[in-house]
Structures are given as C-alpha cells and as structure tokens.
Amino acid sequence: YEFYKQYHDRSLFDNNISHIKKYYRFIKKNLNSNYFALGDWTGATNHPKTPIKFILETYMYIFDKILYEMTNSQIYLKDLIIREKHLLSYKIEGQTIPSVLLCLGIGNSGVILKSLIKDIEINDYHFDMGMFGFQYLFKALSENKRDDIIHKIVCNEKAPSFKLWIDNGATTLYETFGETWSLSMNHHMFSCVILYLK
C-alpha cells in the first residue's frame, strides 16, 4: 500500500491480494485474543490508560480503510463503519485515544483536540503514553496547528523528556524516559518525533 501511495503502482498489492485477504481474515478471527498486540508499550510496561482492545480496533480500522480504498468492496466499507463506531465508544481520555481519533479523522475534532490539550496541560506538557500512542501524538497536534505544544513537550526539562536525554549526553534515541536508563540506548520506538522538529 505504501508502494502504491508513493509510485501509483498497484502491482505489488494486486499480486499479493490473496495473501493480504488471508492475513486480514486471520487478524479478524483473532481480534479478541490479544494474540498479536503488545499494547501501548512504554519501555517497561503497557500504558494503563490505553486498552489493548482499542489498539486492535485501530489496526483493524486502518486495515479496513486500506482494503476498501484498494478494492472498493462493500465488505470492507461495512467493517470500516462498524470499526469506527467501536473506536468512538471509548471514553475520550488520556492522550493516546484522542491522538488516534484526530489522526484518523473520527469524531468531533474540536472536542477531541480540547480533551487532548487539557490532558497535556494537566501533565505539565509531558506526553503520557507508550509507543503506540506516541506515533499519533505529534501528527495530531501538527495537523491541528498546535506546533507550540509540540515545542513545549520536546523541550520540557523534566522526565519524560527528550531534552533530558540530550542534557545527559544522549546522541541516540533511548527506549525509555526517566532519570536513569536501563534498557536500549539506541532504539527507534520514539523516533517519530524527528518528523516534527524544526
């Protein structure tokens, strides 16, 4: 799908559609088993405010959207509509859920953005999520013209903080945030912030 978006060439997708559909059926069948979902991993544990079920629903929503776009099949449109209702059934709280909904264009963006900003402010301009939510946070803020908040988060001097990494001599991205680091010190997990540094 990424190849298609970049080069407008469907061949990779079309040549593998039977495998893609097979994988789609497998995921759908195992959606309730937590079989292949790590969760909103923080480098130590899953984030308590992000239900694993929400993450699975998000992955399926994206998968449905891609398959509908590429096949124009009403089957995937029907699943997409059901999945959107499921995602909207979660309480708009924390930072992961509103960030995801904003990026996917689901729900009342004004209300959702307000909830996200309020949570960031309550957390003294710190992000409060794991790697799953993190890949949506800065995009959600940037697309809603809140680069000022991105700046405050990135330059925050207290953990969790990118600035704290740098102030303590980091030349790579770490797996965790805090005063000390015991896991990987060369890790891509929180690297999406690079897209929003200016």
Exercise. Do Asp128 and Gln95 meet the criterion of a side-chain donor-acceptor pair at a distance under 3.5 Å?
Worked result: no

Exercise. Is Glu2 paired with Lys5 through a side-chain N to carboxylate O contact shorter than 4.0 Å?
Worked result: yes

Exercise. Is the backbone N or O of Asp119 less than 3.5 Å from a side-chain atom of Asn123, with the two atoms forming a donor-acceptor pair by type?
Worked result: yes

For this session: Determine the interplanar angle of the Phe127 and Phe162 rings, folded into 0 to 90°, and report it as parallel if under 30°, tilted if 30 to 60°, perpendicular if over 60°.
Result: tilted

Problem set entry | His47 side chain vs Phe132 backbone, donor-acceptor pair below 3.5 Å | no

For this session: Please tell me if the side chains of Ile66 and Ile20 come closer than 4.5 Å, counting only heavy atoms from C-beta onward.
Result: no

Exercise. Do Ser89 side-chain atoms and His86 backbone N/O form a donor-acceptor pair below 3.5 Å?
Worked result: yes

For this session: Establish, from distance only, whether the side-chain atoms of Glu69 and Tyr1 form a donor-acceptor pair under 3.5 Å.
Result: yes

For this session: State yes or no: do Ile52 and Leu31 share one hydrophobic cluster built from I, L, V, M, F, W and Y residues joined by side-chain heavy-atom distances below 4.5 Å, directly or via other members?
Result: yes

Problem set entry | Check against ring pair (Phe, Tyr, Trp, His ring centres under 6.0 Å), Tyr90 and Phe54 | CA-CA 8 Å; Tyr90 289 88; Phe54 177 83; 5.2 Å; yes

Problem set entry | Candidate pair Tyr174 and Asn168, rule side-chain hydrogen bond (donor to acceptor under 3.5 Å, both in side chains), full reasoning | CA-CA 12 Å; Tyr174 295 169; Asn168 282 273; over 6 Å; no

For this session: Flag the pair Asp124 and Lys158 as a salt bridge only when some basic side-chain nitrogen lies within less than 4.0 angstrom of an acidic carboxylate oxygen.
Result: no

Exercise. Hey, does Glu57 have a side-chain heavy atom less than 4.5 Å from the side chain of Ile55?
Worked result: no

Exercise. Can a salt bridge be assigned to the pair Asp148 and Arg146 using a cut-off of 4.0 Å between side-chain N and carboxylate O?
Worked result: yes

Seminar exercise, completed: Of Leu116, Ile117, Leu137, the one forming a side-chain contact (heavy atoms from CB on, under 4.5 Å) with Pro98 is Leu116

For this session: Check whether any side-chain heavy atom of Ile194 lies under 4.5 Å from a side-chain heavy atom of Phe138, and answer yes or no.
Result: no

